[in-house]
Amino acid sequence: MSRVGWVVLALIVLGTLAFGSMLSFGSGGGRTVRERVAQVLPFGRRQPGRLVVPVAGVPRGAIADSFGDARGGGTRGHHGTDIMAPGGTPVLAAADGTVEKLFESRLGGTTLYVRSPDRRWVYYYAHLSGYAPDIAEGRRVRAGDPVAFVGDTGDAGPGNYHLHFGIQRMAAGERWWQGEDVNPYPLLAGSGSPR
């Protein structure tokens, strides 16, 4: 066999071994093969479509990409996009979903988590001054519905009114705080896939 033949054979063997390492021959934890493949292969993970800008009156062009910027004196990265707006400006659902959690935290202040209908995404809204009327855990929302109001709670700092908006990619069975952070900027600015 020629040198090219051996290289091709080695690539086939390596590819087969790599694919085999992703398989589970057990019960799969109740997940389908499609769900397990989507979990391990990046091209099997559908991204959410273009989102509604989650702050009323803010044009897409006014949003800056702050994902990954240093926070906490450089001790951590920023896991979202900050959208500046006056205090009390309505915060809108960026996509359809169900309110999964209303939560108070030291960093995020008053927060809200919305899970997508396919349960693959969580949309995170933080530094809120309060929730819109009738917002409660379990309530379904449609893209563009008012869900809260821009505030300066948590570590935002007094008078630093903005919405911290984040997205997490969720694996089957993960709870509202357990997802993998994804840059929301491309989906808000309409410029492509998140990094």
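Start at 1 with the first residue, then count along the sequence. Only heavy atoms go into these numbers, but all of them, side chains included; no hydrogens, no water, no symmetry mates.
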Would you check if [X] and [Y] make a side-chain contact, meaning some heavy-atom pair closer than 4.5 Å?
X	Y	answer
K101	E137	yes
V91	L112	no
N183	T81	yes
H162	I83	no
H127	V150	no
F103	W176	yes

Would you name the heavy atoms of [X] and [Y] that are closest together and state the gap between them?
X	Y	answer
P146	A132	O-CB, 3.6 Å
G97	P117	CA-CD, 4.0 Å
A85	V58	CB-CG2, 4.5 Å
V141	A93	CG2-CB, 3.9 Å
N160	M84	OD1-CE, 3.3 Å
A94	A143	O-CB, 4.1 Å

| request: Please list, chain by chain and in numerical order, all residues satisfying side chain to side chain contact (heavy atoms under 4.5 Å, CB included) with Q168, sequence neighbours excluded. | output: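 Scan of Q168 (side chain to side chain contact (heavy atoms under 4.5 Å, CB included), adjacent residues dropped) gives V122, Y124, M170, D181.
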
| query | Per the side-chain contact (heavy atoms from CB on, under 4.5 Å) rule, which among L128, I135, L92, V99 passes with V147? | reply |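 Between V147 and the candidates, side-chain contact (heavy atoms from CB on, under 4.5 Å) is satisfied uniquely by I135.
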
| Name of the residue among L188, V182, L187 meeting side-chain contact (heavy atoms from CB on, under 4.5 Å) with P184 |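 Testing P184 for a side-chain contact (heavy atoms from CB on, under 4.5 Å) against L188, V182, L187 leaves exactly one candidate, L188.
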
| request: Give a yes or no answer on whether the side chain of Y131 reaches the backbone of T111 with a donor-acceptor pair at less than 3.5 Å. | output: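 Here the side-chain-to-backbone pair exists.
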
| request: Ignoring hydrogens and angles, tell me if any N or O in the side chain of Y125 forms a donor-acceptor pair with the backbone of V114 under 3.5 Å. | output: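 Here the side-chain-to-backbone pair does not exist.
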
In Å, rounded to the nearest 0.5 Å, how long is the span from [atom1] of [X] to [atom2] of [Y]?
X	Y	atom1	atom2	answer
Y161	D82	OH	CG	15.5 Å
F165	I63	CZ	CD1	9.5 Å
R115	E174	CZ	CD	8.0 Å

| request: Answer yes or no: are there more than 12 heavy-atom neighbours, outside R140 itself, under 6.0 Å from its atom CZ? | output: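 Incorrect, the count does not exceed 12.
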
| query | Quick one: do the T110 and E104 side chains pair a donor with an acceptor below 3.5 Å? | reply |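 Yes, side-chain donor-acceptor contact under 3.5 Å.
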
| task | Not counting sequence neighbours, which residues clear salt bridge (charged side-chain N to carboxylate O under 4.0 Å, His left out) with D152? List them please. | result |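 So D152 forms no salt bridge (charged side-chain N to carboxylate O under 4.0 Å, His left out) with any residue.
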
